[in-house]
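Structure first, commentary second.
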Amino acid sequence: MHIFRDEDANLELVQNKKIGIIGYGNQGRAQALNLRDSGMDVLIGNRSDTYSQKALEDGFFCLSIKEVVKRVHIIMLLIPDEVIPNVFDQIILPGIRDKCTLVFASGYNIAFKQMVLPNNIDVILLAPRMIGVGVRENFLNGRGYPSFIGVEQDVTGNARQIALALAKGIGSTTFGAVEVTFQQEAELDLFTEQCFGPAFGNILTSAVDLLLERGYPPEAVLLELYMSGELAYTFQKIAEMGIVEQSSLHSLTSQYGSLSRGMRFLAPEIRERMLEGLNEICSGEFAREWRAEQDKGASSLTMMKEIARSLPLHKLESELLEATGKPRPSVHDSEKNVQAETISFNRDIDTVDSQKNGKFLAGWSFQGLVKDFLNLHAYRNKGKGLEGKEYQVVLQRFLNKCESDKNLIQFAAETKICIVYQIEHPQLIFFMQFGDRKIKTGFGEPQTEADIRIIMQADLLDSIFTRQTNAMRAAISGKMRFHGDTRLAMRVQKIQEDLCRIYIESRN
Ligand code: NDP
């Protein structure tokens, strides 16, 4: 194991160089303040707005990005990853000085080939494992925080030393810096966001779901599981002491209970899913999909955020926060964030009109989709579910009707897709194949490969097709899982209403 500490870095290497911080947001402000406090000569590059106003208030010189690039030896790119390729090509590249140092705070754009670099400069990585506020706080309190450093291009022969000096300047080597490649940094980062985070989130929401179903008061459930802050505190202790040793901070009952019962949650399936996610990341499949999504204005991201906000759990959280006197920032603020993220992708740097996309969210209304996620359980408890044999009869009738439905035939004229439904309890597989104005259905696996495979319990399928539960929401909550092409899966939403109508007719 190798960790670079303060004694491995020489600040003098960068003290005689001008450093340009591009962007004065989360990381930009924190890193600029830390570097200045470490004795560096720092200039801020930002257009004239509230960010540059903040930089001026903090006592920095702030110029346009173009002007800063002309004046500095080290350029630190601290603007969102989504806008870096355009800003670099249009503003930075034309003015970049020979043998200067370009610093990324994330490996994403290089790892996934979103931009081309000139070969006459040093290119390094300095990626804090800490949010901007923490970068500043942990510098001031002397604790430091970890960073990943890396070297992509080294024309001066000094790139690694410069990366270490900057890591020391922003206060990271007090804790420790670790060397990785741009690729490793980007893949680890995405893995945490796409695999570990959602797996953990789903375990959390499964626990909420189960306890609410068993009738525990919602405020007690949310506080017990995560909203008291105890979980965050435990994670802090895990970071300081390790997983096993932190357990000594809990009661003996807790230690015995978690150690003796923990093994039953070793679910190999979760590891398989994580591997699937990691492969998507490493192959560049995710980066390509995200690029395409940005090119169309990130409408799917907006939609998924909107749906997630419509979940009853979100509402329960708001109620609890209000009851404890700490209301969360208004939905209006959150929506503004979504807009800001979306607008910035394709922004023309010199002619910005941040008002023009003000109605971005107006087209999405999911009032009809918002249903209490307890509905499914209420539905089950009312005993309206189908029995095993009935189920197959209804499905056979449903598939027959689908084949001759004129709306579905129209869909089959526009879309070629093979959907496999894999039902659990009772186990059953059926498929629907659309294309060339025809619909082919049947039980078992189809002859051609499925484009999407939807997996869920029988009673959930019944609940979705009888409009008791929203399909998209079931997918987000993890009750319905799918494999295959996400965009094709979203297209199936178009016929969801027809499928419900036909299913209800068949069921009746
Ligand atoms: P922010 O979202 O906080 O960046 C905001 C800054 O970027 C503002 O100064 C804004 O200025 C500028 N900006 C936004 N869009 C554009 C544009 N189109 N052209 C020029 N400037 C623009 O970014 P972060 O600090 O969150 O992230 C910066 C880098 O740090 C990224 O590479 C990220 O991956 C990395 N990172 C972030 C971490 C975090 O905790 N946030 C942690 C570790 C690494 P204006 O809108 O006025 O132009």
Side-chain angles (χ1 to χ4, degrees), residues 20-34 42-58 60 62-69 75-93 102-112 114-115 123-138 145-150 152 166-167 170-172 177-178 180 182 185-190 192-193 197 287 290 294 298 336-357:
I21 301 277
I22 310 301
Y24 202 69
N26 296 313
Q27 288 293 329
R29 177 168 192 259
Q31 294 195 28
L33 290 168
N34 293 1
V42 177
L43 198 56
I44 309 298
N46 209 91
R47 69 187 171 122
S48 175
D49 64 359
T50 48
Y51 288 107
S52 64
Q53 192 53 43
K54 187 79 196 143
L56 293 172
E57 281 166 22
D58 289 338
F60 286 106
C62 188
L63 299 169
S64 71
I65 298 176
K66 194 172 163 186
E67 286 305 315
V68 168
V69 170
I75 301 167
M76 300 184 70
L77 289 172
L78 295 171
I79 55 179
D81 293 323
E82 299 80 19
V83 305
I84 286 179
N86 271 347
V87 172
F88 183 75
D89 283 350
Q90 294 178 32
I91 312 181
I92 297 177
L93 188 58
L102 185 66
V103 189
F104 286 82
S106 145
Y108 189 94
N109 284 305
I110 301 304
F112 299 114
Q114 304 291 305
M115 56 195 280
V123 178
I124 61 175
L125 176 74
L126 174 53
R129 296 350 257 170
M130 185 59 67
I131 58 170
V133 177
V135 164
R136 183 63 181 154
E137 269 175 22
N138 288 299
Y145 53 89
S147 280
F148 288 171
I149 59 157
E152 177 72 13
L166 290 172
I170 64 169
S172 197
V178 173
V180 292
F182 276 59
E185 192 277 342
E187 289 172 5
L188 284 172
D189 197 38
L190 294 186
T192 309
E193 291 163 3
W290 178 218
Q294 289 170 60
K336 262 194 342 209
N337 288 339
V338 174
Q339 290 175 23
E341 286 157 17
T342 312
I343 292 163
S344 61
F345 296 149
N346 299 317
R347 204 174 76 183
D348 179 344
I349 293 101
D350 292 317
T351 56
V352 176
D353 177 4
S354 54
Q355 302 305 312
K356 70 184 172 202
N357 287 308

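As the structure lists them, so they are numbered: ligands from 1, and atoms in each ligand from 1. All of these numbers come straight from a predicted model, not from anything done at the bench. Along the sequence shown, residues are numbered consecutively beginning with 1.
Side-chain contact of D49 with N46: a donor-acceptor pair under 3.5 Å is present, judged by distance alone.
The nearest non-hydrogen atom to atom 25 (O) of ligand 1, considering only E82, Q27, Q53, Q90, comes from Q27. Among D81, L77, V135, T50, the residue whose heavy atom lies nearest to atom 33 (C) of ligand 1 is D81. Considering G134, P80, G23, G107 only, the shortest heavy-atom separation from atom 13 (N) of ligand 1 involves P80.
If you look at N26 next to ligand 1, the close heavy atoms, those under 4.0 Å, come from the backbone and the side chain alike. The parts of I79 lying near ligand 1 are both backbone and side chain, judged by heavy-atom distances below 4.0 Å. At a 4.0 Å heavy-atom cut-off, ligand 1 touches I131 through backbone and side chain alike.
Counting only heavy atoms from C-beta outward, the side chains of F148 and L188 approach each other to under 4.5 Å. Within the 4.5 Å cutoff, the side chain of V135 has heavy atoms near those of the N34 side chain. In this structure, P128 and I170 have side chains that are in contact, with non-hydrogen atoms separated by less than 4.5 Å.
Atoms of ligand 1 found under 4.0 Å from any heavy atom of V83, numbered from 1 in the order shown, are 15 (N), 16 (C), 17 (C), 18 (N). With ligand atoms numbered from 1 in the order given, ligand 1 contributes 43 (C) to contacts under 4.0 Å with heavy atoms of P128. Near Y24, meaning under 4.0 Å from any of its heavy atoms, are these atoms of ligand 1: 8 (C), 9 (O). Counting atoms of ligand 1 from 1 in the listed order, those under 4.0 Å from a heavy atom of V87 are 19 (N), 20 (C). Within the listing of ligand 1, atoms 45 (P), 46 (O), 47 (O) sit less than 4.0 angstrom from a heavy atom of D49. In summary, the atoms of ligand 1 found under 4.0 Å from a heavy atom of M130, numbered by their order in the structure, are 40 (O), 42 (C).
A donor-acceptor pair under 3.5 Å links the side-chain atoms of Q27 to the main chain of M130, judged by distance alone.
A cation-pi geometry, defined here as NZ or CZ lying under 6.0 Å from the six-membered ring centre and within 45° of its normal, does not hold between R129 and Y145.
F104 CZ to D81 CG: the interatomic distance, rounded to the nearest 0.5 Å, is 9.0 Å. The OG atom of S147 sits 10.0 Å away from atom CD of E185, with the distance rounded to the nearest 0.5 Å.
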